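This structure is a prediction, so every number in the text was calculated from the model and none was measured.
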Amino acid sequence: MVAMRIVIVEDSALVRDNLLALLAGHPSLAVIGTAAGEDEAYQLITRTRPDTVLLDLALSPGSGMSLLRKLRATAGLAPRVVILSNQPADPYKALCRDGGADAFFDKCGELSGLLAQLASWMPPLPPNELERLNRLTRLQVLDTPAEESFDAIARIAAAITQAPIGLISLVDADRQWFKARVGLEASETSRSVSFCAHALLTYDLLEIEDATQDPRFADSPLVRGAPGVRFYAGMPLVMPGGEVIGALCVIDHHPRQLDDGQRQALRVLARSVIVELELRERVHQLEREVSRRQDAEARVMRMATRDALTSLPNRAALMDRLHQGIRAAQRTGTQLGVLFLDLDRFKWINDTLGHDVGDAMLQEMAQRLNATVRDSDTVARLGGDEFAVVLPALRRAEDAEVIAAKIITAVLQPLTLRGRTLHVGGSIGVAVFPQQGHNEDSLLRHADLAMYHAKESGGNQYQVFSEHMNVRAMERMTLESELRVALEEDQLVLHYQPQLGLTDHTLSGMEALVRWNHPRLGLLLPARFIALAEDSGLICALGLKVMEMAVAQIAAWRALGLSVPRVAVNVSPMQLRSELVDEIAQILAQHDVPAACLEVELTESALTADGPAVNGLLQALRDMGVSIAIDDFGVGYSSLTLLRRLPISALKIDRSFVSELPANRQDIAIVEAILNMAHCIGLRTVAEGIEHTEQNVTLGVLGCQEGQGYLFCKPRNAEDTTAWLTTTTAPKLARAPV
């Protein structure tokens, strides 16, 4: 955007602030300084050399008229001066005009005329200004050192036209910058006073025979002050795409004309400037391409052999070393071990403390692993928090177990990162050639299976592969395949457990609990298949199915006139995608169920899954009317900051804190602290796992509002729950209109 550089000279703070506010609304007008008195203003103007001065006629100290005369008497300094006065225009207007003012306005009146006057001094913008500026930027020529090829063109232009000044001017957003200059010390000027800014619109030679006779330039600071322009001839620099980026121009201090030969010479020389710029651009493109290819080749080589984060060998390098190790073992009759390591709690650290801490942890673990094994061994990172170790030339299979135990010990050592002490665990699977695999793929796969067995057995240990692990893996694969069928054939069913007010036992809600009515294994609880659904990528489809079933049941109860204030549906952290909000809205609309009837239950780990994204998603659900509950609260790692920042409706106290009430005083203190915290930030509280009257009474005394558990009702299928809603008197149900 063309910017006129303005200095305001005004001793009234109110008027000065009004002027600043007025000009601030116009990006083409840039106030570069203000002054209140005559001497201060003169120093500011001579130092900054603005294009325009807005001058208060009545200054204190000093005089606006005195400052005007001083400015006009200073050689080489000739800004446009606008007088602002609260005096009658006559005779002051004529007096100011005689003193060299360019315009006169009543500063206490309507100043729209001032804006119009300033706009009239601005050079017009080309219609393709944005494309023009982008083209100029891509040339990468602005603010570059002098180059003989361009300087020579400027010298030839000045010599052919017999002009004292020759310039290659590149017109940027708010200035003109001289790539080459002959006979002029300044390297740039404001665009608002630039002759070349006018040449941008001509596409052919712009010739000004006498600038003092041209109303566009007569009062320009470049005409009345340095360099004293009288004659100007500028040939636009037009790129092949039609963008005019500047001009090749010549300037004289006396009025004159060019002859036809000189005009033609400027056209040819301007074309030479374009050729030089295009050549320069092609060279830059070639350099970028060469650099890009070199970087790409180096990157490919690194990716082929090394992990970028830890600098360990990657999977491709690991497989190559495995292959070589197996061949060596076959030749020498030795054994080769493969360890597959998966870190525990890495995802929590990554999500809670940030990816930078997670990355630093992986780098530290890579160093520990390298320090634990022999120089001949290979430690590789396979991705995420998974590592593999190749142990060649083993005399006994048990040697691999010894190294696995050392690695577990090294991993369990606390580490300090970013001022935090962290404890990380790990699970290792062991496979040995030739007993537990005859090639690279089978060894790595069997070590992986053994690692999963170690993790399922509690972690922080190693397991050696055995054939029954293959059987379990096949069972898991079969169950995953059957789960896909279950989603297609509606084998999932929902059971419902009431949530009651602890003081009056009125129904406050229901929790929907999914079950799998497996045709071969019978009724399966979520612990048997939810983790499988998350690992296999089926959790989103399963969760959406459960959501649709729960909302449909709400609609069925409403049709029967049964009032259920809300139904809570568990949502996995992996379901927290941007499209979830629209999916829930569509389901609610499809069954004509108010959003207030639905509650989404999340685990504490979901709060740290992806901070800003999760916050926005939950806020969208709350704005829709859906409430948000945090399930199993107290066993995770959520912070008070998260609870305060996220749009949560309720906390569900984990059953582990309820089971020993009221005998366990520590649990009483923990529950009381949770309740006090929740109530202070306005959250509803629900206790899980209430099985005895004493627990119910204790929770009520501590201030818990709601509860669920076997004391009130076990989870029942939809049919039995409907019968319970219809007949029971304990929850004090009221018939609701359909």
Side-chain angles (χ1 to χ4, degrees), residues 492 494-501 507-514 526 530 539-559 562-633 636 638 642-653 678 681-686 688 705-706 708 718 721 736:
L492 299 180
L494 295 186
H495 285 197
Y496 298 88
Q497 186 173 35
Q499 298 171 342
L500 306 180
L507 181 68
S508 58
M510 292 275 185
E511 181 177 5
L513 302 165
V514 65
I530 290 298
I539 190 63
C540 290
L542 188 152
L544 200 61
K545 179 73 173 178
V546 170
M547 184 71 67
E548 199 279 331
M549 293 168 66
V551 173
Q553 186 59 59
I554 297 173
W557 284 331
R558 287 167 59 84
L562 300 175
S563 176
V564 178
R566 73 179 67 85
V567 173
V569 179
N570 289 281
V571 171
S572 165
M574 298 179 67
Q575 291 179 252
L576 298 179
R577 307 157 297 135
S578 57
E579 52 266 41
L580 180 64
V581 176
D582 292 336
E583 290 169 348
I584 292 177
Q586 183 178 357
I587 291 172
L588 291 170
Q590 177 184 345
H591 295 282
D592 193 24
V593 170
C597 293
L598 178 65
E599 182 166 82
V600 168
E601 284 195 9
L602 303 167
T603 60
E604 288 186 79
S605 61
L607 299 182
T608 57
D610 186 6
V614 169
N615 193 1
L617 187 151
L618 297 183
Q619 188 61 59
L621 289 175
R622 283 298 305 274
D623 293 343
M624 188 193 304
V626 176
S627 56
I628 311 293
I630 303 305
D631 197 13
D632 300 332
F633 184 78
S638 59
L642 280 173
L643 295 180
R644 179 175 55 83
R645 177 170 53 83
L646 292 174
I648 301 167
S649 313
L651 295 183
K652 296 189 70 177
I653 301 172
I681 56 179
L683 300 181
R684 194 176 78 254
T685 52
V686 185
E688 300 178 296
Q705 297 162 310
E706 302 172 13
Q708 67 184 84
T721 301

Listing request: all salt bridge (Lys or Arg N to Asp or Glu O under 4.0 Å) pairs with a residue in residues 617-627, at least two apart in sequence or in separate chains. none

With sequence neighbours excluded, what pairs up with Glu548 under the salt bridge (Lys or Arg N to Asp or Glu O under 4.0 Å) test? none

Quick one, Ile554 and Val564 - any side-chain contact, counting heavy atoms below 4.5 Å? no

Side chain to side chain contact (heavy atoms under 4.5 Å, CB included) between Val514 and Lys545: does it pass, once the steps are laid out? CA-CA 10 Å; Val514 65; Lys545 179 73 173 178; over 6 Å; no

Taken in chain and number order and not counting sequence neighbours, the residues that satisfy side chain to side chain contact (heavy atoms under 4.5 Å, CB included) with Ala555 are His591, Val593

Qualifying ring pair (Phe, Tyr, Trp, His ring centres under 6.0 Å) pairs, either residue in residues 539-558, two or more places apart: Tyr496-Trp557

Are Leu494 and Gln553 packed together at the side-chain level, in the sense that at least one heavy-atom pair is separated by less than 4.5 angstrom? no

Going by heavy atoms in the side chains, are Asp592 and Arg558 under 4.5 Å from each other? no

Heavy atoms only: give me the nearest Ile648-Leu683 pair and the separation to one decimal. O-CD2, 3.1 Å

Side chain to side chain donor-acceptor pair (under 3.5 Å) partners of Gln708, counting only residues at least two apart: Gln497, Gln499, Glu511, Lys652

Run the side chain to side chain contact (heavy atoms under 4.5 Å, CB included) test against Ala650 and tell me which residues pass, sequence neighbours left out. Glu599, Ala629, Arg684

Closest non-hydrogen atoms of Ile584 and Leu598, given as atom of the first, atom of the second and distance, are CG2-CD2, 3.7 Å

Partners meeting side chain to side chain donor-acceptor pair (under 3.5 Å) with Gln590 (sequence neighbours left out): none

Partners meeting side chain to side chain contact (heavy atoms under 4.5 Å, CB included) with Pro565 (sequence neighbours left out): Leu507

Run the side chain to side chain contact (heavy atoms under 4.5 Å, CB included) test against Leu544 and tell me which residues pass, sequence neighbours left out. Glu583, Ile587

Any donor-acceptor N/O pair, Arg566 side chain to Ser508 backbone, under 3.5 Å: yes

